Structures are given as structure tokens and as C-alpha cells.
Amino acid sequence: MKKFFIFLLFHRRMNCRNLFSSTRRCQAHPVKISRVAAIQLKFHSFKSAKDFYKHILDIVKKAKDKGAQLVCFPQGMNLEFRPFPFKDMNESQRKKFFEVYSNIFRDIAFNEKVYIEESKIRNGKFEGTIWTPQGEKVNGRVAKCGEESVYFSQFDSDFEEDINEEVSLYLFPRFGHTAKKKSEISKAWLASQQNYVFSVESKLVGDYLNTKLRGRSGIYAPLEITEFNDGILAISDSLDEEEILVANLDFEALRELAQSATDDVYDRLLL
């Protein structure tokens, strides 16, 4: 109970500083997305909301300094922020926990004037969210980010699904894992080649409980609009260290390519 009291104290202090204010002054126009960051995050366990806030803010500031307008975090961000075990929390306390957790991302997005993608696990289900520079929450498998529509991938097979809406960016927030084969192809990379879209894959790496999380994060595009015709705009150097990847997304070039495409998607990969 004492820990939960301290937890609520931080929330009230943020309210007093107007960081968690529900009243927002919206910008006249949405921020146009042309540069995105994929965060390969090394797992940390935060017992304090203040420490978690500072860590996320530091990462967003670094990504913003590199020109990113959309910052994409990996899956399960709420697993990092655990002031106390969920099993010790009642329903009211869990609701307050997710309120504080969401407010942290909302206010950083608002104060830094960037879009932030974060994904949490609530009641055993994946929930992807985009926070806008206006402090607004956008949910759904297909969400609006600036002038573009983005699609949240939940499972490795999602890129094969038919999506009714026109989507130009796929988001793959992921837990890291050890590849079964060294030559294993990224599902996000393949999604870009099959659907003529940009893809951002951000992974949680490091030690989580008794599991070692490993994997490469990356930002991908169709082969034809990448410098070396390899479909890669940016890719992490390490498998288990924290990195911030940033790349430009030329949506006009993407649409021109999609409209002029004549080859079958698999034929393209054999050229």
C-alpha cells in the first residue's frame, strides 16, 4: 500500500505541473511524417514512474535530435514499468497503473511535438497505440499518423492479410528472439516487398526474467527505393544492445513505385 501511495503521489505531482492535463491546445495541422525512428530497447525494470518517465523522455529527445517525427517503441513497454507485481494489485489499482503509464507517453508526445508508437500487453492482449503531438490517443489495427495510415502487425503472419484501407507504413513492435537460422528473413522486410510499404520493426532486447531477448531492429522499404537495392533503410548493429535507428521515408516515391509496378512480388525478389 505504501508503494502504491508513492506511485499516486508522482501522478498528482505531474498533474500540478500540468503535464497530465486533459486540456490540450491542438495544432492547426497534423505533423507530416518524413523521418521515423525505430527504438531497439534494452530491457530495464523500473519501480518508479519518475525514472520510467525520464528514460522514455531521454530516448525520445535523442530520436528527435536525429530528426525523427515518429518514434516507434517495441512490444510490451508496460513490462518495463512495474512499480509492484500485478498479482498484488486490485482492479482499481491496475486501472490507475495503465492511466499513469499512458499519461507518460501522452505528455512526452505533446511536450516534444512528435508522434510516439507504443504497445502494451493488457489482459494478455496486444494493444498498439499512437500518441499524437496534440496529446491525442489513436488506437486500432489501422491508425492515422499525420497524413499517412499505418498498420499494427500483431503476429508474424499479418503481412499476408488483406487490408481494406490504403496503408503506407507497417509497424512491427516485437519482443526480441534468437533467430532459428542465421539467414532468417525479417517479416517486416518481407512485408515491405510484398505490399509496397515502409516497415518499422522495433525490438525489446536484453534479459527479461529468465529469457534472453535478442534480435535486430530495422526500417525497411521496397527494394527499388533503397540505396543498395536491398530493401534496408536502417538496421541495428547489435542483437542485444540499445540503439536508435532513424531513416527518411519518401512516401511520394513509394506511391509512384506502387502505381508503376508490373512485376509479380516474388519475381521482383529474383531479379
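Heavy atoms only: backbone and side chains are in, while hydrogens, waters and symmetry mates are out. The model shown is predicted, which means the values in this text are computed figures rather than measured ones.
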Non-hydrogen side-chain atoms of [X] and [Y] separated by less than 4.5 Å:
{"X": "Tyr115", "Y": "Val36", "result": "no"}
{"X": "Pro222", "Y": "Gln193", "result": "yes"}
{"X": "Tyr220", "Y": "Tyr170", "result": "no"}
{"X": "Ile33", "Y": "Phe198", "result": "no"}

Quiz prompt | Gap separating the CG atom of Leu70 from the SG atom of Cys145, nearest 0.5 angstrom | solution = 4.5 Å

Quiz item: About how many Å separate CD1 of Ile108 and NZ of Lys113, when rounded to the nearest 0.5 Å?
Solution: 13.0 Å

Quiz item: Just wondering, more than 12 heavy atoms not from Lys137 lying within 6.0 Å of its NZ?
Solution: yes

Could [X] and [Y] be called an ion pair, given the rule that one side-chain N must be under 4.0 Å from one carboxylate O?
{"X": "Asp58", "Y": "Lys62", "value": "yes"}
{"X": "Glu118", "Y": "Lys120", "value": "yes"}
{"X": "Glu99", "Y": "Lys96", "value": "yes"}

Distance-minimising heavy-atom pair for [X] and [Y]:
{"X": "Gly231", "Y": "Thr226", "result": "N-OG1, 3.0 Å"}
{"X": "Ser199", "Y": "Leu169", "result": "N-CD1, 4.2 Å"}
{"X": "Gln75", "Y": "Phe126", "result": "NE2-CD1, 3.0 Å"}

Quiz item: Phe228, Ile235: one ILVMFWY side-chain cluster at the under-4.5 Å cut-off?
Solution: no

Quiz item: In terms of hydrophobic clustering (I, L, V, M, F, W, Y; side-chain heavy atoms under 4.5 Å; direct or indirect links), are Ile244 and Trp131 co-clustered?
Solution: yes

Self-check item: Residues Leu254, Phe251; criterion side-chain contact (heavy atoms from CB on, under 4.5 Å); working and verdict
Solution: CA-CA 5 Å; Leu254 182 74; Phe251 288 102; 4.3 Å; yes

Polar side-chain atom of [X] near backbone of [Y] as donor-acceptor pair, under 3.5 Å:
{"X": "Glu243", "Y": "Gln40", "answer": "no"}
{"X": "Lys64", "Y": "Glu112", "answer": "yes"}
{"X": "Asp230", "Y": "Leu223", "answer": "no"}
{"X": "Asn195", "Y": "Val197", "answer": "no"}

Self-check item: Row check, Phe97 ring normal vs Lys95 NZ/CZ: under 6.0 Å, within 45°
Solution: no

Exercise. Assign the ring pair Phe52 / Tyr101 to parallel, tilted or perpendicular, where the plane angle (0 to 90°) is split at 30° and 60°.
Key: parallel

Practice problem: Assign the ring pair Phe43 / Tyr208 to parallel, tilted or perpendicular, where the plane angle (0 to 90°) is split at 30° and 60°. | Solution: perpendicular

Quiz item: Are Tyr53 and Phe46 close enough that their ring centres sit under 6.0 Å apart?
Solution: no

Exercise. Have a look at Ser186 and tell me which of Glu201, Arg216, Arg174 forms a side chain to side chain donor-acceptor pair (under 3.5 Å) with it.
Key: Glu201

Self-check item: The single option from Arg214, Lys42, Lys212 passing salt bridge (Lys or Arg N to Asp or Glu O under 4.0 Å) against Asp207
Solution: Lys212

